[in-house]
Amino acid sequence: MPNVQLPDGAVKEYPAGATAIDVARDISERLAQSTVAVDINGFIADATRPLDELSDADPIPVKLLTNRDSEALGVLRHSCAHVMARAVMRLYEGVGLAFGPTTGNGFYYDFDLEQPISEEDFPRIEAEMQAIIKDAEPFERFVLPRDEAVQLVSDLDQELKTEHIANGLADHPTLSFYRQGEFVDLCRGPHIPDAGRIKAFKLISVAGSYWKGDAKNKQLQRLYGTAFFDKKDLKRYLEQVEEAKRRDHRVLGKQHHLFSIANEVGQGLCLWLPKGATVRVLLEDFIKKELLRRGYDPVYSPHIGRAELYETSGHFPYYRDSQFPPLFGHPAGQLVDYWKQRLDADDLNEDTERDFLAAAADMGVEFEGYSAAGSREEKLAALRKWERQQERYLLKPMNCPHHVEIYQSQPRSYRELPVRLAEFGTVYRHEQSGELNGMLRVRGLTQDDAHLFCTSEQVEQEFSDTLDLVKFVLQSVGLDDYRIQLSLREPDSDKYVGDPGLWDRAEGTLRNVLSGSGLEFNECEGEAAFYGPKADFMVRDCLGREWQLGTVQLDYNLPERFNLEYVGADNAPHRPVMIHRAPFGSMERFVGMLIEHFAAAFPLWLAPEQVRLLGLNDDMLSYAQEIESKFKQAGFRTSIDTRSANIKKKIRDAQLDLIPYMLVVGPKDRDQGGVSVRDRIEGDLGFMTTEAALKKLTEERDHRTIRQVVKSNFEGLGSDTEEGHEY
RNA sequence: GCUGCUGUAGCUCAGUCGGUAGAGCGCGUCCUUGGUAAGGACGAGGUCGUGGGUUCAAGUCCCACCAGCAGCUCCA
């Protein structure tokens with residue numbers, strides 16, 4: 001006879017086998033109707049399962065999840081994925097089921113299906129889903145021992161599920177299934193009580209995916225959809241998606257001449273047009289001033305460096321695949337590089353080796369110590385030896401090694417630490433072509449980078465000051481909604497360099513400072529950089545979308561690799577600690593994000609063109625020039641619309657160009673020594689003297705006032721990362 | 001990188017069955033000289049992503065490459 005405790009503290013005894021629905025019905029029939037799942041100490045389960053089966057606690061802490069709880073939405077969506085899979089199986093022959101989890105915004109299901117599904121098929125599938133929902137059949141859970149589970153999926157001809165039970169679920173002695181009518185699926189659950197609870201759903205898109213996310217595996221068809229408890233919510237979500245599309249920085253960037261990516265220049269290589277460059281320069285100038293105030297020293301470093309530098313740092317071996325290939329001074333360089341890779345992979349037969357040797361000889365190269373009869377290691381050593389004698393450069397993929405060399409350029413005393421070296425450093429990364437995305441993912445990018453070298457006693461203070469800097473710059477552009485992701489290593493992985501002890505220390509330091517900072521943060525294992533843990537700023541824009549922008553990283557490893565030292569008070573050498581940090585992240589990504597956040601309508605201080613003078617007729621030109629020069633004097637970016645169009649047309653065009661202030665000048669304004677001010681947001685503000693207008697605009701600019709960013713009333717677009725409900 | 005879709009004027013797009021290219025916006029010139037979101041007329045502008053192939057004939061059909069988009073995978 002289980003005792004149940006509800007969140008208000010009330011405890012009541014129920015008969016054995018009572019379910020969450022029974023508990024809800026005990027309160028009201030209406031609550032029973034809207035209860036979709038149950039939360040027991042954070043464990044979410046079917047509302048139709050006996051509570052005494054779910055928990056041994058006494059009393060059992062029960063929280064009923066209704067269609068108002070966000071956790072319930074995930075349950076609903078996963079059930080909708082089952083409904084979709086059921087509909088697809090009714091409409092197509094030989095459907096293989098893969099995975100069908102929920103995402104932040106909906107759900108998907110991966111199908112192994114010969115026949116391609118296209119968006120034209122959606123109405124048909126949706127109609128079938130609607131029919132299933134109308135039948136409102138229950139989702140029934142049942143559990144089978146392993147061998148019976150294997151038998152069942154094999155009887156159902158579900159090969160992928162069979163494979164998954166064998167490999168992915170090897171340690172599960174029993175497996176749960178959900179049945180809905182003729183549809184049976186291996187599933188961890190939980191599910192809503194019956195399909196009738198799905199009130200609003202929509203198929204969104206179809207795309208390719210791979211079994212278990214591995215490109216070597218079978219290609220599957222992924223059908224995306226979303227579902228809500230309420231039609232209104234679905235409508236609002238779809239509007240939000242439309243709004244996000246409308247703000248696409250690639251579209252707005254073209255329309256407002258902010259940047260362009262020209263075929264002739266190359267994939268992922270961004271051209272900053274004058275207007276976009278203006279926004280960037282303003283941000284750079286702003287942060288440069290702040291850095292001087294905070295004790296940073298400016299440095300510059302070249303765009304390329306010797307490959308050995310990045311071999312020492314670890315970047316070259318670690319990220320080889322996503323770097324531009326090395327630049328060689330000798331024509332045989334490429335050959336040797338390729339040769340080494342083949343040897344490394346133990347993939348070089350005698351014929352190929354003979355060809356390589358002949359080609360090298362043809363270029364006048366002999367490798368000291370290389371013998372066809374020698375061991376792989378001896379051959380590699382000989383090739384490396386030759387290579388080290390050659391010019392071999394890399395486009396720099398990171399600024400840190402260069403800054404490390406600047407630190408190394410003179411002996412350092414503890415008295416001069418911390419040393420803070422800052423540079424807007426341009427780096428090049430050969431991102432996979434499918435990853436490129438406007439300014440958000442490019443192959444040449446400029447980081448607002450800096451490296452701090454300090455003693456281990458100074459780390460906490462420096463790290464904390466850096467967090468403060470990031471907060472300050474985000475605030476300056478009106479981004480005040482963010483959380484911090486503390487990215488830690490995965491303890492048993494070999495992806496990371498350095499001593500586990502140093503890692504523990506670094507992770508502990510970050511956790512300490514973040515805990516004391518009052519900032520919202522969560523920990524994420526396996527997300528660290530290969531050399532150290534990091535704190536990433538996840539910033540929410542006005543649509544509630546999260547962007548990873550600024551980052552602060554703690555690094556005990558590079559100082560080790562480069563043998564960095566300073567002389568301590570004890571006159572002995574000590575190893576400094578490094579902090580990598582970039583408040584904006586990259587200028588490309590940051591400006592791209594700002595374009596979407598502001599929908600290209602930048603606040604006055606960032607607007608490429610702040611003021612446009614609109615003459616009422618052609619006779620006003622000289623007066624307009626007179627006013628313009630006063631605004632230019634005051635540092636405003638201005639222009640005059642000299643076309644002989646009428647004022648309505650000039651205003652419309654300025655409005656569409658998102659000019660913050662339009663100054664209309666006609667005979668009346670000239671006679672009174674002023675201008676008619678039109679605000680992009682408020683509209684006509686009427687006549688002002690030139691001095692009054694200047695004062696108003698100067699104030700708004702210098703305070704970096706942010707206007708016209710309407711926060712979405714929607715809960716926000718979630719991330720599209722997988723959330724669960726699958727085994 | 002993989003799978004699918006797309007590539008026509010500066011921009012957004014139309015172009016039927018293979019028969020040598022069209023609109024709107026923008027731009028230029030002229031007319032208009034006006035008080036807060038489109039005044040009018042005329043005009044310039046295209047080797048149809050690139051290279052091959054099929055054909056009497058290719059923007060249109062086929063192949064390869066380049067680039068973009070969506071998704072997957074990746075992100076120091």
Side-chain angles (χ1 to χ4, degrees), chain A residues 108 110 116-119 204-224 248 250-251 254-257 260-268 310 313-316 318-319 321-323 396-401 427 429-438 440-443 445 447 449 487 495 497 527-532 534 536 548 551 553 555 558 580 582 585-586 589 614-620 643-657 662-669 676-680 682-687 720:
Chain A
Y108 65 79
D110 284 345
I117 297 177
S118 80
E119 296 206 5
I204 301 293
S205 63
V206 57
S209 66
Y210 299 98
W211 172 238
K212 300 199 168 171
D214 189 335
K216 287 194 278 294
N217 287 341
K218 197 167 200 174
Q219 174 107 31
L220 307 169
Q221 296 193 64
R222 176 170 297 180
L223 220 46
Y224 283 92
D248 189 322
R250 293 166 300 189
V251 175
K254 194 183 253 186
Q255 197 179 334
H256 294 286
H257 311 289
S260 101
I261 295 177
N263 215 329
E264 291 74 5
V265 177
Q267 256 191 311
Y310 307 104
S313 72
H315 291 102
F316 186 44
Y318 197 85
Y319 288 106
D321 291 344
S322 46
Q323 284 177 30
K396 92 175 153 182
M398 275 299 263
N399 299 303
C400 15
V427 298
R429 299 173 182 179
H430 194 268
E431 305 284 4
Q432 298 183 55
S433 60
E435 302 313 326
L436 301 172
N437 177 277
L440 301 180
R441 197 76 186 273
V442 288
R443 285 185 173 167
L445 55 128
Q447 300 175 311
D449 212 354
S487 299
K495 288 196 303 194
V497 299
E527 296 293 314
F530 75 89
Y531 49 75
K534 50 182 189 161
D536 293 319
Q548 187 184 324
T551 180
Q553 310 175 356
D555 183 359
L558 283 188
H580 309 235
S586 88
R589 191 176 160 76
L614 313 178
L616 202 62
N617 59 48
D618 292 352
D619 300 337
M620 286 298 122
R643 298 173 304 174
S644 58
N646 66 32
I647 194 67
K648 281 175 182 271
K649 174 68 172 164
K650 290 179 185 176
I651 285 172
R652 179 181 153 85
D653 288 348
Q655 199 76 45
L656 292 176
D657 287 345
M662 291 152 258
L663 303 182
V664 176
V665 289
K668 284 185 223 160
D669 306 296
S676 289
V677 179
R678 184 186 166 93
D679 176 13
R680 175 181 71 199
E682 304 289 333
D684 189 3
L685 301 182
F687 176 83
D720 281 323

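Below, chain A is the first sequence line, B the second, and so on; all start at residue 1. The structure presented is a predicted model; accordingly, all values stated were derived computationally and were not measured.
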Donor-acceptor pair (no angle test) under 3.5 Å: Tyr319(A) side chain, C75(B) base: no

Touch class at under 4.0 angstrom, heavy-atom based, for Lys668(A) against every strand present: base

Contact under 4.0 Å: Lys648(A) side-chain N or O vs U36(B) OP1/OP2: no

NZ/Lys212(A): more than 12 non-hydrogen atoms of other groups inside 6.0 Å: yes

Any N/O donor-acceptor pair, Asp669(A) side-chain to G35(B) base, under 3.5 Å: yes

Residues in ring-ring contact (aromatic ring centres under 6.0 Å, His included) contact with Phe316(A), at least two apart in sequence or another chain: none

Whole-angstrom distance between A14(B) and A9(B), as gauged at atom P: 12 Å

Inter-nucleotide P distance (U8(B), C13(B)), Å rounded: 9 Å

Mutual orientation of the aromatic rings belonging to Phe530(A) and His315(A) [parallel < 30°, tilted 30-60°, perpendicular > 60°]: perpendicular

Any Arg250(A) side-chain nitrogen or oxygen under 4.0 Å from OP1 or OP2 of A70(B): yes

Whichever of Lys212(A) and Asn263(A) has its nearest RNA chain B nucleotide further upstream toward 5': Asn263(A)

Pair of N/O donor and acceptor under 3.5 Å linking C74(B) base with Arg441(A) side chain: yes

Side chain Ser313(A) and base A76(B) donor-acceptor under 3.5 Å: no

Side-chain N or O of Lys495(A) closer than 4.0 Å to phosphate OP1/OP2 of C74(B): no

Distance, P atom - from U54(B) to G15(B), rounded to whole angstrom: 29 Å

Whole-angstrom distance between A41(B) and U32(B), as gauged at atom P: 15 Å

Sugar-phosphate only, base, or nothing, as touched by Glu527(A) at under 4.0 Å among non-hydrogen atoms: nothing

Side-chain touch Arg652(A)/Leu656(A), heavy atoms, less than 4.5 angstrom: yes

5'-most by nearest nucleotide on RNA chain B - Gln219(A) or Asp619(A): Gln219(A)

Gap between atoms NZ and P, on Lys649(A) and C25(B) respectively (whole Å): 9 Å

Ser209(A) side chain near G71(B) phosphate (N/O to OP1/OP2, under 4.0 Å): no

Heavy-atom donor-acceptor pair, Ser676(A) side-chain to U36(B) base, under 3.5 Å: yes

Under 5.5 Å and under 30°: Phe530(A) stacked on A76(B): no

Pairwise side-chain contact, Met662(A) with Gln655(A), heavy-atom cut-off 4.5 Å (strictly under): yes

Distance test, side-chain N/O of Tyr108(A) to OP1/OP2 of A70(B), below 4.0 Å: no

